[in-house]
Amino acid sequence: MADRKKPYPFDEFEPAWQKRWDDQKTFRVSNPGDPDFDASKPKRYILDMFPYPSGAGLHVGHPEGYTATDIVSRFLRRNGYNVLHPMGWDSFGLPAEQYAIKTGQHPSITTAANIDTFRRQLKMLGFSYDWDREIATTDSKYVRWTQWIFLRLYNSYYDTELKKARPVSELESRGWTREQIDSVRLAYVAEGMVNWSPDMGTVLANEEAEEWRSKGFTIERRKLRQWMLRITAYAERLIDELEPLDWPESIKLLQRNWIGKSTGAEVVFTCGEHNITVYTTRPDTLFGATYMVLSPEHSLVEQITSPEQREAVRAYQKVCAEKSDLERTDLSKEKTGVFTGAYAINPVNGREIPIWIADYVLTGYGTGAIMAVPAHDERDYEFATKFGLPIIQVVQPDDPSTPWQDFCGYDGSMVNSEYLNGLPVPEAKAMMIQKLEEMGCGRGKVNYKLRDWLFSRQRYWGEPFPILWDKETGLHHPLPENELPLLQPEMEDFKPSGDPRGPLVKAQDWIHYSDRYTRETNTMPQWAGSCWYYLRYLDPHNDREFVSPEAERYWMGSGGNPGGVDLYVGGTEHAVLHLLYARFWHKVLFDYGLVSTNEPFNKLVNQGLILGEDGQKMSKSRGNVVNPDDIVREYGADAIRLYEMFMGPLKEVKPWATKGVEGISRFLARVWRIAMVENQEGEWVVSGKMTAQDLGATPVRRELHRTIKKVTEDIRSMSFNTAISKMMECTNAMTSAESVSLADYVGLLHVLNPFAPHITEELNRLLGEQFPDLPKQQLALQPWPGFDEAFLVDLTKEIPVQVNGKLRDKLQMPTDATREQMEEAALASPRVQEFMAGKSVRKVVVVPGRLVNIVVA
RNA sequence: GCCGGCUUGGCGGAAUUGGUAGACGCGCUCGACUCAAAAUCGAGUUCUAACGAGUGUGGGUUCGAGUCCCACAGCCGGUACCA
C-alpha cells in the first residue's frame, strides 16, 4: 500500500509517548510499605483476563476489553484512586507443546517469543499497565506458588460442619487412618471414566471435552486413575456466594445451571436382600411409581437380573458401552431399555414394581437409579408408553384444562396417594420426606450436577505435580515445600506415546527421586495458573509468600470499598470454566485466611465478540481476520482504541468496519487541526485559532461543560460509545467556531485523554510550548476536570406541541415557563389551531420543561 | 426440547428510562477549493411525488409506547435425558 501522508503525525508521537511512559514508569503503582505509597488514597483493582500468548499475536478482540479497562483505570487515577492495573501471560498451553512436537523447538522458546510479540503489541496500543508487575504462569517463580497452592489443597479436607477447608493434620490427630484421610482430601487420586484424547495423548476435564471435540480432536471415555480436585465440596457455596456479586445475570445463571442444584430425596427400595436407593426431586409422587430404572452400569444389575433375562441385559449393556457420546445424547433418539426380570418393593405401599435398565438413566448423577413416575415425568412417560408399563395419576393439575398425563408442574394437588391426597404438591413433598425419614427408608437430599474437577493432564508443558510415590507402600506424599518449584525435566522428545502416564515417564532420571520414591508424571491443566494470577499481581516479586498479607489486604480487602477485584473484563467463553475454578481456589484460600474476601471478582463485565467485516466470526479459514498491527500502522493506536469503543456498547457483539476506523481517524485529525496548522514548510505549528483569552460563556464553553458531564457519567457506566459521540459534537462545535479559548480546548483534551492518550498528551505538550501558563504536567497525572452547572442550564428550550399525541408544532419557550404559560402558548399556536379546528378541547397535558399534548375530539 | 439474549434508516448504533424516534459515525448526493484528483470544508440524507406512514408481527394499557403488559415469529449464544 502506498504510504499516504498521515492526517496527523501519530506515527511520530505515539511511539515517543509510549517510550516516555515506559522509561519513566508513569503508571507504576506502589504497594503498602513502599516509600512512595500514598495510604490516604482509596484503591481500585481493574483487571483484564490475561491472554494466552499464541503464535498468531494479538487479535482485535483483545484491545476491546483492554481499552475499556484502560479508560476506566486512567479515569480513576485522575479521580484520586490508587489503581492496580496489571497484565501478564497465561503461557502454559497446548499449542506451544504441539508446535514443539512438530518443530523440535522447545516450548519455552516459542512461549518467550510469543510473549515478546504480545508485550510489544500491547505497548504499541498505549495501555497504562504497571509493567513492573508483569507475570507469566510459566515462570519458575510463579510455578513455585501454583504448586504451593496445590499442596494446600492436597493437605486439606472440607469440614462439612464448619463449611470450610481445614488441614488434614487435624484428622490425623483425631486418629483417622491414612486411607480415610486420602478419601477426603481436596486433591485426591481416583479411578474413573474420563475423557481421553488419543490425538492429544491426554485426559481432559468434563468442561473442556466438548470444546476440543469441536476443534476436531477425538475424545473417548476411558477408565483411568487421575488426580481430582474436590470442587463438589464447595458446590453449595459456589451457588450461594454468587448471589450478591455484581455480575451479568446471564453469567450467574450459566454458573448456577452448571452447578445444577436440585432438592429432593433418596428413597430406599428393597429387592430381595438388596437395597436399591433412588434419587428423586419428586418424593410426593412416590405412589405413582410404577417401575424402576437402573443405569446400565449400575453395580446391582448383575446380582438382581433373573436368569431368563440375563442374556438380554448383557447384550444391552454391551450396546450402551460401545455407544459414542454423540449417539447417547442424540436428541431424536428413541428410549431404549431392557427388563431385568427383578422386582422392587415400594416402601410406602409395599407394591411390587418391575426393575428395568435404560441408558436414559445416567450413572454419574444421583444414585444411578430412579423410580419412574410416568404420569408426571416426560421421559418416564415416553418410556412407559413405548414398553406398555402402567401409568398412575397422582397429581391433579390446578388448571382443569391441563391433561394430567405427563403433567410435570408443581401447581396441583395429590390424588391416589393415601395420606397425601388433597395436599398441594410442595406440602406433599415436605410431608413425604418427613414420612420417609420416620420410616427409616429415605431422607431429604440435595444433589448437584457439578462433578469433581479432573485436574491431571498427560502433557509436558504444564506444572508437574509436587507429589512423590512411595514404591513400597504405593502411597503418595507431598514434595517438601523447600523443593519447590519442581520444573519439568529438559527433554528432547515429549511426543505423546499413548502411555496414559504422559510424556514425563520418558525422563527416567527425573522420575527417580530416591531409591524409595518416584515422581508423579502428570502435569496440571492450563487452568491452574489462571486460578490465582490476579493474586500474584498484588505482590509479584515476593519470594517468601505467594502474596504478602499487607498487599492482599489493601488491594483485595473491603475497607469500606467493594472488596476483591473491582472490575474484571473478559469474554463470555470463560463463564463456567475459569470463573468457576478461580472462585473455588479463592474460597479455599479464604478459608485459611490467606485472602480477605470469599469471592475474587466483585464486578464482572463481558465484552461482546468482534465479528469480521462480513458479519461472521473472525477465523483464518474465512480470511476475515483483522490484524491490529495493520490498523495501528495505517491509522494509529488512538484510532483503533477509539474505534473499538465507538463501535457500539462494550457488551454487544458487533462487526468490524475498517471504514469506521477511517471516520474515527478523521475525528482525531479534526481535534488536531483545531489547534494545529501546517505552515509553508509543511510543519505543524499552533494555529491562530487558539487564544489564551477567556471568551466567556460561549456556545463552545457550554458544549464543553455538557461534554465533561456526559463523558464523566458515561465512563462510570462504561457507555464509551456515547461518550465518544458527545466528544465528537464538542469537536464539531470547536471546529466551526471562529476562535477557541485555550482553556476550553484543553478541557476537551482532558476528557479525551483516557480514550486517546497519545494525541491528547502531544497536543497538550505542544500548546505548553506556545502558552507558558499552561500546566506542563501530563494530562494523565492531572486531576479529572469538573463541570460548572452554570454552563449547563439553557434559558429557553424548544417545546414540542402535540395534538392527540401527534407532533404539530415546536415552540421556543423559557425553560422555567409555568404550566399555564405553556398551555396558553400551545393553544395560541396557529399550526396547532389548524388541527383543532371544529373540535373541542377535552384535556391539555402539560409536562413542564418537556411538552404539551392537546387532546381534542 | 429447555434456559438466556437480541430484533430501530442502505450500515454500526442513539433516545434524559413512558414525553420531539433516528444523536454520533459510516455510506451516499450536491456544492466550495483544484487544471484535475485526493485530502479538507460546507449543505443534505428513515420511507413517500404527496396525504401520510414508521422502531420484527399481531393485540392491549395510556393524553402519549422503541420503552410497560399479552401472544407470536426470526436470529444469536448456552445446554443436552441431571430424575
Side-chain angles (χ1 to χ4, degrees), chain A residues 4-5 7 210 248-254 256-258 260-262 264 278-282 285 293 295 325 328-333 335 358-362 364-373 376-380 382-383 408 447-451 572-573 575-576 608-609 611 615 617 642-643 646-649 651-664 666-667 669-670 673 710 713 719 721-729 731-732 735-736 797-810 842-847 849-856:
Chain A
R4 285 192 286 110
K5 180 165 166 36
E210 197 41 55
E249 270 313 310
S250 58
I251 301 292
K252 285 193 195 177
L253 197 70
L254 234 47
R256 256 184 247 123
N257 290 346
W258 190 267
K261 179 177 178 169
S262 71
V278 302
Y279 175 72
T280 177
T281 55
R282 294 296 298 272
T285 62
V293 187
S295 73
D325 283 12
R328 274 211 176 204
T329 58
D330 188 2
L331 185 70
S332 58
K333 186 190 72 169
K335 294 266 179 298
D359 70 349
Y360 83 92
V361 173
L362 309 173
Y365 183 75
T367 59
I370 62 156
M371 62 177 214
V373 184
H376 306 294
D377 182 281
E378 211 179 311
R379 298 148 300 177
D380 296 345
E382 196 191 322
F383 192 82
C408 311
N447 247 325
Y448 297 94
K449 279 202 276 184
L450 186 70
R451 311 295 158 78
T572 336
E573 66 273 19
V576 281
L609 201 64
L611 303 174
K617 200 166 166 173
L642 215 54
Y643 172 67
F646 186 62
M647 292 170 83
K651 298 169 195 168
E652 304 298 321
V653 179
K654 11 183 206 294
W656 180 270
T658 299
K659 280 285 184 192
V661 189
E662 275 177 37
I664 285 291
R666 273 199 283 273
F667 159 65
R670 262 199 315 276
R673 287 195 313 266
K710 177 81 175 143
E713 290 166 356
S719 310
N721 54 334
T722 48
I724 294 167
S725 54
K726 190 67 199 168
M727 290 188 281
M728 286 173 169
E729 289 184 67
T731 302
N732 292 344
T735 299
S736 43
K797 192 170 184 245
E798 193 183 64
I799 299 295
V801 181
Q802 301 176 332
V803 177
N804 283 348
K806 292 205 166 72
L807 180 69
R808 296 306 183 190
D809 200 6
K810 296 172 184 178
R842 302 240 324 242
K843 190 174 175 185
V844 179
V845 180
V846 180
V847 184
R850 275 278 163 73
L851 60 40
V852 181
N853 186 16
I854 300 163
V855 187
V856 296

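Residue numbers begin at 1 in each chain, while the letters A, B, ... track the order of the sequences. This one's a predicted model, so the numbers in the text were calculated from it and none came from an experiment.
Atom-to-atom, NZ of A:Lys651 to C1' of B:rC6 comes out at 14 Å; the value is rounded to the nearest Å. Atom C1' of nucleotide B:rU40 and atom CD of A:Glu662 are separated by 14 Å, given to the nearest angstrom. Atom pair A:Asp359:CG and B:rA83:C1' shows a separation of 14 Å (rounding to whole Å applied). Between the CG atom of A:Leu851 and the P atom of B:rU20 there is a distance of 7 Å, given to the nearest Å. Going from atom NZ of A:Lys449 over to atom C1' of B:rC3 covers 10 Å, rounded to whole Å. Distance, A:Trp656 CH2 to B:rG13 C1': 16 Å, rounded to whole Å. One atom, CZ of A:Arg808, and another, C1' of B:rG64, lie 14 Å apart when rounded to the nearest Å. Distance NZ (A:Lys797) to P (B:rU16): 13 Å, rounded to an integer number of Å.
For the C1' atoms, the distance linking B:rU57 with B:rG10 amounts to 23 Å, nearest Å. Comparing B:rG13 with B:rG60, their C1' atoms are spaced 30 Å from each other, to the whole Å. Separating the P atom of B:rA38 from that of B:rG54 is a span of 41 Å, rounded to the nearest Å.
Residues forming a side chain to side chain donor-acceptor pair (under 3.5 Å) with A:Glu713 (at least two apart in sequence, or on another chain): A:Lys709. For A:Glu382, the salt bridge (Lys or Arg N to Asp or Glu O under 4.0 Å) criterion is met by A:Lys335, not counting sequence neighbours. With sequence neighbours excluded, the residues satisfying ring pair (Phe, Tyr, Trp, His ring centres under 6.0 Å) with A:Phe383 are A:Tyr291, A:Trp356, A:Tyr360, A:Phe387. Qualifying side chain to side chain contact (heavy atoms under 4.5 Å, CB included) partners for A:Lys659, counting only residues two or more places apart in sequence or in other chains: A:Glu662. For A:Thr735, the side chain to side chain contact (heavy atoms under 4.5 Å, CB included) partners at least two apart in sequence or on another chain are A:Arg670, A:Ile674, A:Thr731. Take A:Ala369 and apply the side chain to side chain contact (heavy atoms under 4.5 Å, CB included) test, not counting sequence neighbours, and it matches A:Ile276, A:Val278, A:Leu294, A:His298, A:Thr367. Under the side chain to side chain contact (heavy atoms under 4.5 Å, CB included) criterion, A:Pro649 pairs with A:Glu652, A:Asn721, sequence neighbours left out. Every residue two or more places apart in sequence or in another chain was checked for a ring pair (Phe, Tyr, Trp, His ring centres under 6.0 Å) with A:Tyr279, and none qualifies.
Across all strands, A:Arg673 comes closer than 4.0 Å only to sugar-phosphate atoms, never to a base (heavy-atom distances). Backbone-only contact: A:Leu253 has heavy atoms under 4.0 Å from sugar-phosphate atoms and none from a base. Among the heavy atoms of the strands lying under 4.0 Å from A:Glu798 is at least one base atom, whether or not backbone atoms are also near.
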For nucleotides 59-63 of chain B, tabulate all protein N/O to nucleotide N/O atom pairs closer than 3.5 Å, reporting atom names and distance.
unit_1, atom_1, unit_2, atom_2, d
B:rC63, O2', A:Asn853, ND2, 3.2
B:rC63, O2, A:Asn853, ND2, 2.6

Under-3.5 Å N/O pairs linking protein and nucleotides 73-78 of chain B:
none

Pick out the pairs of N or O atoms, protein on one side and nucleotides 22-25 of chain B on the other, that lie under 3.5 Å.
unit_1, atom_1, unit_2, atom_2, d
B:rA23, O2', A:Glu729, OE2, 3.4
B:rG25, OP1, A:Asn732, ND2, 3.2

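Remark: A:Thr722 OG1 to A:Phe646 CZ distance equals 10.0 Å, nearest 0.5 Å.
For B:rG56, the glycosidic angle deviates from 0 by more than 90°, giving an anti base. Glycosidic conformation, B:rU17: syn, with the torsion inside 90° of 0.
Residue A:Tyr360 places no side-chain N or O under 4.0 Å from the OP1 or OP2 atom of B:rA83.
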RNA chain B in dot-bracket form (Watson-Crick or G-U pairs under 3.5 Å, [ ] crossing, | inter-strand) is (((((((..(((......[....)))((((((.......))))))((....))..(((((..]....))))))))))))....
From CA spacing to verdict: side chain to side chain contact (heavy atoms under 4.5 Å, CB included), A:Thr280, A:Ile370: CA-CA 7 Å; A:Thr280 177; A:Ile370 62 156; over 6 Å; no
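Under 3.5 Å, the side chains of A:Tyr643 and A:Thr658 contain no donor-acceptor pair of N or O atoms.
Between the side chain of A:Arg850 and the base of B:rU16, at least one donor-acceptor pair of N or O atoms lies under 3.5 Å.
Closest-nucleotide positions on RNA chain B for A:Ser250 and A:Val852 were compared, and the one nearer the 5' end corresponds to A:Ser250.
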